[in-house]
Peer 1: 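Just dropping this structure here.
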2 protein chains.
Amino acid sequence: MIDKLEYLMALARERHFGRAAEACGVTQPTLSAGIKQLEAQLGVLLVQRGSRFIGFTPEGERTLDWARRILADSRTLQEEMRALKSGLAGQLRIAAIPTALAMVAELTTPYRLRHPEVRFTIFSMTSIQILTALENLEIDAGITYLDNEPLGRVNMVPLYRERYCLLTSAEAALGNRDSVTWAEVSRVPLCLLTPDMQNRRIIESLLRAAGGEPRPMLESNSMIVLFAHVRTGQWASVMPEKLAETLGLTETIRAIPITEPEAVHTIGLVVPPREPMTPLAAALVAEARRIGSDLNIEARKQTESGV
Amino acid sequence: MIDKLEYLMALARERHFGRAAEACGVTQPTLSAGIKQLEAQLGVLLVQRGSRFIGFTPEGERTLDWARRILADSRTLQEEMRALKSGLAGQLRIAAIPTALAMVAELTTPYRLRHPEVRFTIFSMTSIQILTALENLEIDAGITYLDNEPLGRVNMVPLYRERYCLLTSAEAALGNRDSVTWAEVSRVPLCLLTPDMQNRRIIESLLRAAGGEPRPMLESNSMIVLFAHVRTGQWASVMPEKLAETLGLTETIRAIPITEPEAVHTIGLVVPPREPMTPLAAALVAEARRIGSDLNIEARKQTESGV
DNA sequence: CCGGAGCAATAGGTTTTTTCAATCGTTCTA
DNA sequence: TAGAACGATTGAAAAAACCTATTGCTCCGG
């Protein structure tokens with residue numbers, strides 16, 4: 001029965017019998033028959049049949065909810081047993097929003113020191129994709145904004161606060177400044193993430209609040225692309241401080257803090273709200289708490305010294 | 001995999017491969033092989049092997065916890081689908097402590113009016129048995145004391161309050177009284193439930209508190225046996241008011257309220273703390289709340305008029 | 001110390017289930 | 001109207017699940 005629920009989940013993900021079958025490592029007739037069996041066992045139609053995949057019936061949607069739960073539990077069971085036998089080992093799938101990609105290393109590196117047998121897969125996703133992927137058990141944890149747009153039901157661990165910089169050549173218009181305002185930035189032609197990214201939406205709203213109208217000269221869903229363009233000295237972009245540092249500043253490229261207002265958003269780890277967590281996920285949360293509390297202490301120190 | 005988890009649960013219940021197999025409707029080698037497969041799949045030993053069944057390994061115990069969850073969820077899924085298809089139907093297994101057996105009808109009767117297709121199985125169990133049976137998914141709900149001895153993790157719905165009467169012949173020592181004290185009762189030879197019953201322990205502690213030493217002349221785990229003896233006119237017993245009423249009083253048998261102190265214990269419905277509940281269990285809880293609130297209102301009225 | 005009873009594991013054979021390759025029927029599109 | 005895409009169907013082969021019968025072990029009673 002558990003296999004059949006896997007089929008159903010795959011079908012929900014792929015919305016296509018053939019691809020779902022491939023994802024499950026079986027042929028299309030096998031998956032087709034599996035779904036049929038599930039329908040027979042439950043005595044209800046789960047999939048709306050037509051010449052092609054249309055969607056699920058209400059019963060099918062409800063069954064999917066249960067499948068998520070049951071599969072999550074059965075995977076946790078399996079992983080827990082493996083952890084008991086041979087220590088923490090296995091695969092940890094983490095998705096992060098592009099602006100947080102560089103900081104994933106701060107999480108994975110100490111994790112790996114504690115648990116050398118764990119392998120990682122890191123995905124770059126939009127914050128919305130992260131939430132659905134968490135739901136569908138495609139990833140174990142996500143790194144995304146905690147405080148901007150509504151999250152689903154997840155457990156959160158704050159990691160750090162994102163402050164924004166103008167990344168530009170020292171020879172460019174604002175290149176010699178020590179700080180700039182959002183109003184000034186709004187007049188610079190920028191390279192920005194695509195609008196499906198939350199970071200883009202945040203920056204747009206900040207620019208608009210400062211009275212400007214965002215008109216990016218170049219869009220990409222990859223921070224690498226943006227940085228590569230800035231690096232030529234001919235383009236400018238807005239990036240989180242942390243990311244700019246990681247990507248490395250040269251003599252000619254400067255990261256200039258943007259003030260007025262100093263916009264801050266919290267980035268953190270999100271995991272499914274299931275109790276108990278898989279051992280791998282639990283260890284990741286522990287790691288995140290360490291980093292998070294470090295940064296909180298840091299932030300507090302800064303605040304105190306600032307006063 | 002789900003079948004294998006069923007095997008494991010049955011083995012935990014029966015503590016015997018053969019009987020567990022029979023309970024699952026398979027032969028002993030099949031169940032044996034099933035457990036082996038589960039062990040292979042999880043990569044750990046689950047059962048302590050010896051010449052006979054000894055017990056589970058720590059990993060086995062942990063796996064049992066998960067099995068309970070996973071099986072409960074998968075059953076809820078199946079039942080929910082059946083409820084969607086053909087309305088509320090199926091089997092509802094309820095266990096009650098002996099003193100509450102008579103009141104089960106107050107729950108099942110209105111339930112049946114609302115949902116005529118649901119069939120019931122009622123077990124008489126001790127309060128401790130009820131809790132383990134709930135854990136092991138052998139019953140869907142229990143009726144037991146809510147306030148005396150510690151319950152496990154369950155959701156509770158109060159149903160009524162148990163007040164105690166001396167049940168005795170009108171010609172016997174205290175037979176002509178309108179009320180008696182626990183101290184007086186402690187000097188009467190009684191028929192009581194066996195000591196594994198919580199009711200017996202409650203009554204014993206009340207008798208001891210009144211300075212007496214309980215010396216029951218006859219013990220049974222069946223209230224019917226106790227009542228049958230009292231009915232001869234030659235024996236006496238202590239019973240909850242509600243039960244005495246249901247069993248029927250004759251001219252010669254009287255139920256005399258016991259006061260000083262007026263001991264009251266709450267009896268209620270207990271269900272596993274799983275969210276969401278099966279449709280059948282949810283309907284039972286709804287019914288219990290109706291009865292419970294009725295009685296609460298009644299109790300309040302009594303209190304008010306008493307003041 | 002021996003023999004029988006009770007219990008779980010194993011062996012061997014049968015049935016059932018699962019799976020896949022090939023094909024079909026339908027629907028949408030160019 | 002031909003072709004492509006998609007899911008259902010079919011039939012044969014492979015895998016598995018299951019059962020009966022048996023074995024091997026341990027514990028007890030004599």
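Within every chain, numbering begins at 1; the chains are lettered A, B, ... in the order of the sequence lines, protein sequences first and strands thereafter.
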Peer 1: What integer distance in Å separates A/Phe17:CZ from C/dT26:C1'?
Peer 2: 15 Å

Peer 1: Which ones in residues 29-48 of chain B lie close to DNA chain D, meaning a heavy atom under 4.0 Å from one of its atoms?
Peer 2: B/Pro29, B/Thr30, B/Gln37

Peer 1: When you compare the side chain of A/Val154 with that of A/Pro272, does any pair of heavy atoms fall below 4.5 Å?
Peer 2: no

Peer 1: What's the NE2-C1' distance between A/His16 and D/dA5, to the nearest Å?
Peer 2: 7 Å

Peer 1: To the nearest Å, how far apart are A/Phe53 CZ and D/dG7 P?
Peer 2: 8 Å

Peer 1: Quick one, B/Leu64 and B/Trp66 - any side-chain contact, counting heavy atoms below 4.5 Å?
Peer 2: no

Peer 1: What is the distance, to the nearest angstrom, from the CG atom on A/Asp3 to the P atom on D/dA15?
Peer 2: 17 Å

Peer 1: Take atom OH of A/Tyr7 and atom C1' of C/dT19, then tell me their distance rounded to the nearest Å.
Peer 2: 9 Å

Peer 1: Would A/Arg200 and A/Glu204 pass as an ion pair if we require N to O under 4.0 Å?
Peer 2: yes

Peer 1: Can you tell me the distance, in whole Å, between the CD atom of A/Gln28 and the C1' atom of D/dA8?
Peer 2: 7 Å

Peer 1: Report the distance from atom CE of A/Met1 to atom P of C/dT18, rounded to the nearest whole Å.
Peer 2: 14 Å

Peer 1: Take the protein atom CD of A/Glu22 and the nucleotide atom P of C/dT19, then report the distance between them rounded to whole Å.
Peer 2: 17 Å

Peer 1: Not counting sequence neighbours, which residues clear side-chain hydrogen bond (donor to acceptor under 3.5 Å, both in side chains) with B/Arg114? List them please.
Peer 2: B/Glu287

Peer 1: Please tell me which of the listed nucleotides, C/dC20, D/dC19, D/dG7, lies nearest to the side chain of B/Val26?
Peer 2: D/dC19

Peer 1: Please determine whether a side-chain nitrogen of the Lys or Arg among B/Arg62 and A/Glu80 lies less than 4.0 Å from a carboxylate oxygen of the Asp or Glu.
Peer 2: yes

Peer 1: Measure from the side-chain N and O atoms of A/His16 to the backbone N and O of A/Arg19, and report whether any donor-acceptor pair falls under 3.5 Å.
Peer 2: yes

Peer 1: For C/dA8, does either OP1 or OP2 sit under 4.0 Å from a side-chain N or O belonging to B/Arg49?
Peer 2: no

